[in-house]
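When a ligand or atom number is given, it counts from 1 through the structure's own listing order. The first residue of the sequence shown is numbered 1, and numbering continues consecutively from there.
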Amino acid sequence: MTESEGETKFSASIAAMLSLTGKVLTVLGPVEPEQLGRTMTHEHLTLTFECCYCPPATGEEAAALAPIELKNLHWLQQNPYSHHENLLLCQETNAVRDELLRYRKAGGGTIVENTTTGISRDLPVLQQLAKDTGVHIVAGAGYYVDVTHSDETKKMMVEELTDIIINEVLHGADGTDIRCGVIGEIGTSWPITESEKKVLRAAAHAQTQLGCPVIIHPGRNPAAPGEVVRVLQEAGGDISKTVMSHLDRTILDRGELLEFAKLGSYLEYDLFGTEVLNYAFNLVVDMPSDSQRVQTLAFLIKEGYEDRMLISHDIHTKNRLTKYGGHGYSHILRNIVPKMLSRGISQNQVDKILIDNPKNWLTFK
Ligand SMILES: [Zn+2]
C-alpha cells in the first residue's frame, strides 16, 4: 500500500466509524435503533457445528448416522451433538427463511446472528434472508472457540486480530462488503486458552475504537464468565456494552450469579427451548427447564437487574427448527412471554428485556 492509499483507507475508516455512532449495524447497513423492535440477541441462522460433535454412548453408534425421522426426534433432542447431519444448520436455509417469516408474524423484529469465524459464518446467506423476510439481521465479527482457530489465527498478534475484527465491522468480512454489527460470539473454553485470550484482548481493543457491542461465549465452568470479564477489563473493554451468553448452563448457583451480575455485563439466558436432562458438554450440569429459566429471570428482576437482561434460543442444530418438530425462533414470543407475564413479570419488564435492552446494547457509541 502506498502512503496516500494508506491515508485514503484511514480516512475511509474514520468516516465509516462516524456514520455508525447512534446507529445499529445490520447486514443491510446501519438502521435507527428504534427500528429493531423485539430482538433475539443470540441465534444462528446458518452454521456448521461439527467442531463440537460428541460420539454417542456405546451401543448407540448407528444413531449418529440415521436419517432424521419422527422416531428418533426425542433421541436427537437429548443427544443433539451426537448426530452428524443435525450439526449442519447450513443445509436448512429454506426452512430458516420460513421460520423468520413466522418470527415476524409473531411480532419479532431483529435477530442477532452470532456465527463467527470457525463455524462457517455465511454473510451472503444472512443478507439474502434479511432481504427475503424483512427481519433485521445483525452479524458477528471475530472468532469462535480455540478448537476452531486455524494455525494462522493462532500465530497472529493481538494487533493483527484487532485489525481484522475492526475491518469486519467497518468494511465487511469474508471477502464481502457485508458488515458485522457486533463482535462475537467470541468463543472461550475452560480454562481460557492463550489463543482465546489474544482474541478477547483484540475484541476489547476493537470495541474501544468502535464503541460497538460485544458478546461472549464463556467456557463451561461457573468461574468462566468472571474470568472473561477480567481479561476484557484488563484490555480496556467496556463491560457495560458486553453480553455474557449461556448463563443458563454456566452459573446455576444464585449466590454466584449475583456475584457475577455485579460485574456489570448484560446477563443472557439464551437456551430457551432446550429441554434436556444433562448438558451434553458437561454432564454434571442439570440443565434448567424453560420454567426454571423464567424463575431465574424473575429472581434477577427482583434483584434489580431488569436493565441488564437478554433472552434468546441460540438455535444451532436442525432438531430445534419447527421443520424437525422443534420450537423454532418464535418460541419465546409465542410461549415464554405469556409464561413470564403469568409469573409476576410485568409487560414493561418484558419490553425492556426484548426491546430496550437489546437496542441499548446494539447501538454504537
Ligand atoms: Zn451461539
Side-chain angles (χ1 to χ4, degrees), residues 27 39-54 80-81 86-90 92 96 99-100 103 110-123 125-126 129 137-149 168 173 180-190 192 196 199-200 203 213-221 224-225 228 242-251 265-274 276 279-282 285 287-288 293 309-321 326-329 331-332 358 361-362:
V27 291
T39 301
M40 298 296 135
T41 48
H42 196 132
E43 301 295 345
H44 300 270
L45 303 175
T46 173
L47 94 169
T48 57
F49 206 55
E50 289 153 309
C51 60
C52 296
Y53 175 73
C54 298
Y81 308 114
N86 197 38
L87 305 177
L88 300 176
L89 191 66
C90 59
E92 299 295 341
V96 167
E99 292 263 2
L100 290 180
Y103 175 69
T110 300
I111 296 245
V112 181
E113 214 285 3
N114 279 258
T115 307
T116 44
T117 300
I119 43 177
S120 311
R121 175 177 56 200
D122 192 336
L123 293 165
V125 165
L126 298 187
L129 285 170
I137 298 174
V138 178
Y143 299 84
Y144 197 54
V145 295
D146 186 287
V147 292
T148 70
H149 293 184
E168 289 179 349
C180 300
V182 302
I183 299 173
E185 60 183 308
I186 296 297
T188 61
S189 315
W190 185 257
I192 307 172
E196 289 169 348
V199 172
L200 286 173
V214 168
I215 183 164
I216 302 293
H217 164 108
R220 298 168 177 111
N221 185 286
V228 168
T242 298
V243 173
M244 192 56 64
S245 306
H246 312 326
L247 287 176
D248 23 5
R249 58 95 164 131
T250 313
I251 305 183
S265 76
Y266 283 99
L267 309 168
E268 189 177 76
Y269 283 78
D270 51 25
L271 297 171
F272 274 98
T274 309
V276 297
Y279 181 50
F281 297 121
N282 190 2
V285 171
M287 271 297 253
R293 288 186 182 94
M309 293 157 57
L310 301 168
I311 57 177
S312 208
H313 312 91
D314 190 18
I315 290 181
H316 55 281
T317 53
K318 290 188 183 188
N319 69 301
R320 298 178 65 197
L321 299 176
H327 53 80
Y329 298 91
H331 172 57
I332 286 177
W361 169 56
L362 288 168

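- Judged by distance alone, the side chains of Glu268 and Ser312 never bring a donor and an acceptor atom under 3.5 Å apart.
- In this structure, Phe272 has its ring center no closer than 6.0 Å to that of His42.
- In this pair, His149 and Tyr143 present their aromatic rings perpendicular. The plane angle is above 60°, beyond the 30 to 60° band.
- Remark: aromatic rings of His217 and Tyr144 are close, center separation under 6.0 Å.
- Protein N/O/S atoms closer than 2.8 Å to the Zn ion (ligand 1), listed by chain and residue number, are His42 NE2, His44 NE2, Glu185 OE2, Asp314 OD1.
- Cation-pi geometry between Arg220 and Phe281 is satisfied (NZ or CZ under 6.0 Å from the ring centre, within 45° of the ring normal).
- Tyr269 and Arg293 share no donor-acceptor pair across their side chains, judged by distance under 3.5 Å alone.
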